[in-house]
Amino acid sequence: MRVVSGIQPTGNLHLGNYLGAIKQWVAMQDSVTADGGDCLFFLADLHALTQPVVPAELANATIEMAATLIACGIDPDRAILFNQARVPAHSELAWILNGTARMGWLNRMTQWKDKAGKDGSSQSVGYFGYPVLQAADVLLYQASHVPVGEDQKQHLELARDIATKFNLDFGVDLFPLPAPLISEAAPRIMSLRDGTAKMSKSDPSDMSRINLIDSDDVIAQKCRKAKTDAEPLPDTVAGLAERPEARNLVTIYAALADRPVAAVLTEVAGQGFGSFKPALADLAIATLGPIRDRLSGLLDDRPAVGAALIDGAARASALAAPTLAAAQRAIGLQI
Ligand code: TYM
């Protein structure tokens, strides 16, 4: 197995990133590397360039986010942890795949359509081509599995289309089709202020998300103020169907507790949010508190985090080189 996934070093990591992606990464790192497979996790700093950047903030955010991943349990000795920009093969393969991807495919990406619908012509060219770089990220390592939240599924389907077309066009069997692995427990964690909108680092309201660096008091306050309805909690999953906020809070609780939603409901059925929210806050604090403490220790030695990224980039480059060379050969480039 070859597992590859990335995260953009912009804004704060939040509970959606943790439950939807990072928790799976940590679990896979343990099982996959024990079986002799590889796990590559990277900070997608090249993807961050598709939106306006403040250079000093990007550099800091890359180190801080790498430290956060380590605090969450990513072990840079077992997994390969690096920043994308330090492995130029990502950009080189992305350029080659720009010749394979079709404008129509990119035009159908919901992430693009959301932004383009508002003001497409002022977006960067890079933002339009973003999914091609993402395809290169995974195809470069011949990834078998890509653990992501549900919002990334469409991008991975595009990566499969690009891989298929490249293999066909050039008569090679170079790129295996990567399988998205979407967390069953937390495919899509929603905003605490609106159960129909995704929890997101770009939401202007900080109350909409629980950040991994929030203090215990802030976590408790965000849980207390989370939007809910007036009904008591139901005893079946079906009873949550028309209640997006209630469903989201129970999903978060179940994912944090590593228990099925149905099992949680049998315990909390009939309770109002007055008692459920403090229990949710306690669970979130019990999970995030130790991560925050480890993070603050790691940030005391930023050069050590930077050194781990340099080491990871060297290991990633070695894995990337044969695939990039094979793609260059297939397409007739003289390198
Ligand atoms: P990014 O940085 O937006 O998010 C990182 C990971 O967190 C997941 N996620 C969520 N999961 C559940 N609920 C949520 N509310 C939630 N919000 C975010 C995302 O699905 C993702 O798995 N384009 C990617 C980064 C990327 C990448 C890649 C991922 C670049 N190249 C190659 C996989 C493979 C992104 O912006 O993720």
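Just so you know, these numbers come straight off a predicted model, no measurement behind them. Remember, it's 1-based here, ligands and their atoms both numbered in the order they're listed. These values consider heavy atoms only, across backbone and side chains, with no hydrogens, waters or symmetry-generated copies.
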query: Would Lys222 and Asp206 pass as an ion pair if we require N to O under 4.0 Å?
result: yes

field: atom 2 (O) of ligand 1: nearest protein contact (heavy atom, Å)
entry: Gln8 N, 2.9 Å

- prompt: Considering only heavy atoms from C-beta outward, does the side chain of His90 approach that of Tyr141 to under 4.5 Å?
  reply: yes

query: What's the shortest distance from atom 25 (C) of ligand 1 to any protein heavy atom, and which residue and atom give it?
result: Gly6 O, 3.6 Å

query: Do Arg302 and Glu64 meet the salt-bridge criterion of a basic N to acidic O distance under 4.0 Å?
result: yes

query: Sub-3.5 Å donor-acceptor pair from the side chain of Arg209 to the main-chain atoms of Asn12, do we have one?
result: no

query: At a 4.0 Å threshold, what atoms of ligand 1 neighbour a non-hydrogen atom of Asp137?
result: 28 (C), 30 (C), 31 (N), 32 (C)

- request: Can you figure out which of Asp151, Leu156, Val148 has its heavy atom closest to atom 19 (C) of ligand 1?
  value: Asp151

- prompt: Between the side chain of Ser144 and the main-chain N/O of Arg2, is any donor-acceptor distance below 3.5 Å?
  reply: yes

- prompt: Are any of the N or O atoms of Arg188 closer than 3.5 Å to those of ligand 1?
  reply: no

message: Checking the side chain of Gln29 only, and the main-chain atoms of Gly73 only, is there a donor and an acceptor separated by less than 3.5 Å?
response: yes

task: Could you tell me whether the side chain of Arg294 and the main chain of Ile70 form a donor-acceptor pair under 3.5 Å?
output: no

- request: Specify the protein heavy atom at minimum distance from atom 32 (C) of ligand 1: its residue, its atom name, and the distance to 0.1 Å.
  value: Gln134 CG, 3.5 Å

message: Whether the side chain of Arg78 engages the backbone of Thr33 through a donor-acceptor N/O pair (distance < 3.5 Å, no angle test) should be reported.
response: no

query: Hey, which atoms in ligand 1 end up nearer than 4.0 Å to a heavy atom of Tyr130?
result: 23 (N), 24 (C), 35 (C), 36 (O)

- request: List every atom of ligand 1 that sits less than 4.0 Å from any heavy atom of Phe42, numbering the atoms from 1 in the order shown and giving each element.
  value: 28 (C), 31 (N), 32 (C)

- prompt: Does at least one non-hydrogen atom of Met190 fall below 4.0 angstrom from an atom of ligand 1?
  reply: no

- prompt: Is there a donor-acceptor pair closer than 3.5 Å between any side-chain N or O of Arg292 and the backbone N or O of Asp214?
  reply: yes

Side-chain donor-acceptor contact under 3.5 Å, Gln8 with Gln51: no

- request: Answer whether the closest heavy-atom distance between the side chains of Phe166 and Leu174 falls below 4.5 Å.
  value: yes

task: Before signing off on this row, confirm whether Gly16 and ligand 1 have an N or O atom pair separated by under 3.5 Å.
output: yes

message: Could you check whether Thr196 and Asp194, counting side-chain N and O atoms only, form a donor-acceptor pair closer than 3.5 Å?
response: yes

task: State whether the shortest distance between N or O atoms of Lys198 and N or O atoms of ligand 1 falls below 3.5 angstrom.
output: no

message: My understanding is that we take every heavy atom of each candidate and find the minimum distance to atom 37 (O) of ligand 1. Doing that for Lys153, Gln152, Gln24, His155, which one comes out nearest?
response: Gln152

query: Of all the atoms in ligand 1, which lie at a distance below 4.0 Å from a heavy atom belonging to Val146?
result: 33 (C), 34 (C)

task: Within a distance under 4.0 Å of any heavy atom of His14, pick out the atoms of ligand 1 and give their elements.
output: 17 (N)

- prompt: ligand 1 and Ala21, any nitrogen or oxygen pair closer than 3.5 angstrom?
  reply: no

Atom 5 (C) of ligand 1: nearest protein contact (heavy atom, Å): Ile7 CG1, 3.4 Å

- request: May I ask you to test the Val146-Leu181 pair for a side-chain heavy-atom distance under 4.5 Å?
  value: no

message: With the threshold set at under 4.0 angstrom, would you say Lys201 reaches ligand 1 through any of its heavy atoms?
response: yes

message: Students should be able to answer this: which protein heavy-atom is nearest to atom 22 (O) of ligand 1, and at what distance?
response: Gly149 N, 3.1 Å

message: I want to know if ligand 1 touches Ile189 in the polar sense, i.e. an N/O pair below 3.5 angstrom.
response: yes

- line: Quick note on ligand 1: atoms under 4.0 Å from a heavy atom of Gly20 include exactly 11 (N), 12 (C)

query: Below 4.0 Å from any atom of ligand 1, is there a heavy atom belonging to Pro187?
result: yes

Polar contact flag for Asn17 and ligand 1 (N/O pairs, less than 3.5 Å): yes

- prompt: At a 4.0 Å threshold, what atoms of ligand 1 neighbour a non-hydrogen atom of His47?
  reply: 30 (C), 31 (N)

field: Subset of ligand 1 atoms that lie under 4.0 Å from at least one heavy atom of Val138
entry: 32 (C), 34 (C)

- prompt: Is there a side-chain contact between Asn107 and Phe128, using heavy atoms and a 4.5 Å cut-off?
  reply: yes

